[in-house]
Amino acid sequence: MNLITLKNKSREEIATLLDVKERDSLVEKFATLGLPNKKTEEYHYFDVEKLLDVDYKTLNYIPKAIEEGDKIEIIDGVVTKAPKGMRVYSEPCESIDMDHFDSLYYLGHLLSPRIIRIEVDGDCHVEILHKYTQSDALINYRIVISNQANRHTTMYENFEAEDIHNTLVLYGYDMHVAQDSTLRMVKLQVMHDNKYSMVASHKVNVAKNANVLLKNFDFGGDQSLQVLKVELGEHASIEAGHLLYLNENSKRGTASQIIHRGEHSTSKQEAKNILDGQARGIFDALIRVEHSARFTKAEQSAKSILLHEKAYMASKPQLEIYIDELEASHGATTGQLDEKQLFYLQSRGISYIEARKILVIAFANTLIEQVKDTRHQDRIKSAFEAVFYASNKG
Amino acid sequence: MSKGNNKSVMKIENLQAKIGDKQILKGLNLELEAGKVHAIMGPNGAGKSTLSKAIVGHYDIEILGGDITYKDKSILEMEAEERALEGIFLSFQHPVEIPGVNNAYFLRTALNAKLKHQGKDELNAAEFLRLMKGHLEMLGMKSDMISRSLNEGFSGGEKKRNEILQMLTLEPEVIILDEIDSGLDIDALRAVSEGINKMKDGKRTFLVITHYSRILDYIEPDYIHVLKDGKVIKTAGPELVPYLEEHGYDGIEED
């Protein structure tokens, strides 16, 4: 399948090309937004057309018997393992109750007639491992996650790829965060060697008095974009942290919209970006405070360090505010490692490479140390160091 | 140009250096005798801090001519970290703050780099903390100082004590103290001086850079070198200090 064939097509043509029936509203939304290109704001810094204009092989997503395991394992879009007692199942999905600014969100749903539903019971920690084994493939799947009111859940997302190449992954989750609950999602994704590219299109609805913490740790090379839309109800809050550490020719980052709908809702979004080689980082983030969201607090910051003269950071924090009764701030900085700090460390016998590593980790640490589970924190630090040494050989 | 016939550990010959477009050192000669305390005194802008930066290989400095030899080897081509590993230490006048870098982690990394360079076993965390305990007590530093970010939010006195803590830990052979007394109250000055005097074992060499003679009441110098307009114009014994106190630098005649 070559997704570029969907460019500038009518609803009827899209339905025919994708062979979908009875999903008119999805087709209509996708047709209205159109296939993304360089002029699409959220894809402005990401070469999406190049990824779409490839003949990918398509896969079957026939559900398998789910084995018992210590984590949820999803191989090429199909669940293969789940912890005992966890409600994880594949089910048809004809319509969705969410909306998004990203056309690939709708395309992902149109390409995935079944969704993976994860219902989290009680207070728990869940790990999700995404594995990719197919080369030259289009892997598409959607996950719907819901938790229970008054419960606290932490989910850890990790990604692995076998020795594959030129695969495109379109995936994402629709997350319903129940009233008075807390949901933490910690994602670690290390990419390298052009095994696969990814567009992850997520939608998160945060109900009254609920809290969401999204922590993304995106390291290495290659191409991936996270397109995120979050809606906050009354007294709801989100704390989103994005740590990018890129090298080589990678293009990765986040395009997001956080919408305050309810009164007294709170958002805090912090991005730290470290770019080496010819990497391009993306942080195109909008916080919108609607008329209904009086007495909200919105805080947004993006700090970037360029380790190479050819590295580039597209940093666009934006606030869109329709009321007066709120507290809001945003800012962005881009710079290089501090020469004085580097020299200070070297003057104590620490090598130039180690001194750089110490300063780069120090910059990143404020986000890494927010992961309270030491096992996962160590995993993130190890992944970070591996990318650092890959970029600073000798 | 020290007096006596003892072995010199560092020799600076006809050193010329600039910062930006401005030449600061204009043919400076200085010889540091092993195991002695050398004080460099001089008016503002004489080149005292530039000299210390030139010795440790600071990126600001461009060497225009001359040489610095340490243990009979030129160090001008050596990187700053190599000079440090070989035993040269500068206590900075204004130590930088590095948020996010744990003080203990930094110091252990530096110590282990040095031990590795010397072919010795590195210290594990427990061994390192035992070593720190004694140093912290001697310097009157709170134990939480080493668990904080490096120099972040430290007072002027705390920063200087932290420099001395690094000196005690790394045990360098040539120790340059750049305005170590600036910003210190009397208690901090005493603690810092005690740390420095502890390192005076007749083998280590000190180069004390100062505007004022106050620090020399605590760290007794063997030699006083007067630096003016990028050159050492006079070298004498400690008896020169009261003369400078009384007459200033203008009345000093070049050797």
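As a basis for the values below, the full set of heavy atoms in this structure was taken, side chains included, without hydrogen atoms, waters or symmetry mates. Quantities reported herein were computed from a predicted structural model and do not represent experimental measurements. So you know, we letter chains A, B, ... as the sequences are listed, proteins then strands, and number each from 1.
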### Message
I'd like to know whether NZ of A:K303 has more than 12 heavy-atom contacts from other residues, nucleotides or ligands below 6.0 angstrom.
### Response
no
### Task
Under 4.5 Å heavy-atom distance to chain A, tell me which part of B:L111 shows up: side chain, backbone, both or neither.
neither
### Message
Working to the nearest 0.5 angstrom, can you tell me the gap between B:E82 CD and A:Y352 OH?
### Response
15.0 Å
### Task
With a 4.5 angstrom heavy-atom cut-off, could you sort out which part of A:T366 is near chain B: side chain, backbone, both or neither?
neither
### Task
Could you tell me which of A:I358, A:N365, A:L342, A:D338 has the largest number of non-hydrogen atom pairs under 4.5 Å with chain B?
A:I358
#### Entry: Non-hydrogen atoms of B:A84 and A:S347 that approach each other most closely
CB-O, 3.3 Å
### Task
Working to the nearest 0.5 Å, report the span between OG of A:S351 and NZ of B:K116.
8.5 Å
### Heavy-atom pairs under 4.5 Å with chain A, option from B:L170, B:N102, B:I98, B:N151 with the top count
B:I98
#### Entry: Heavy-atom neighbours of B:H94 NE2 exceed 12 at 6.0 Å
no
### Message
Looking at B:D144, I want to see if its CG is surrounded by more than 12 non-hydrogen atoms of other residues, nucleotides or ligands under 6.0 Å.
### Response
yes
### Task
Give the member of B:V101, B:L107, B:N112 that has the highest number of heavy-atom pairs under 4.5 Å with chain A.
B:V101
## Note on the structure
Most contact-rich option vs chain B, by heavy-atom pairs under 4.5 angstrom, among A:A364, A:A362, A:G349, A:A355, is A:G349
### Query
Is it true that atom CD of B:Q118 has more than 12 heavy atoms of other residues, nucleotides or ligands lying nearer than 6.0 Å?
yes
#### Entry: Side chain, backbone, both or neither of B:H58 within contact of chain A (heavy atoms, under 4.5 Å)
both
### Query
Should the heavy atoms of other residues, nucleotides or ligands under 6.0 Å from NZ of B:K200 be counted, would the total exceed 12?
yes
### Query
Is atom CD of B:E122 surrounded by more than 12 heavy atoms (other residues, nucleotides or ligands) closer than 6.0 Å?
yes
#### Entry: Ring-face cation contact, B:F106 with A:R348, 6.0 Å cut, 45° max
no
### Query
So does B:E97 pair up with A:K340, basic N to acidic O under 4.0 Å?
no
### Message
Within a 6.0 Å radius of atom CZ on B:R204, are there more than 12 heavy atoms belonging to other residues, nucleotides or ligands?
### Response
yes
### Query
B:P172 versus chain A, heavy atoms under 4.5 Å apart: side chain, backbone, both or neither?
neither
### Task
Hey, can you tell me if A:Y344 and B:F92 have their rings parallel, tilted or perpendicular (30° and 60° cut-offs)?
tilted
#### Entry: A:E369 portion near chain B, given a 4.5 angstrom heavy-atom threshold
neither
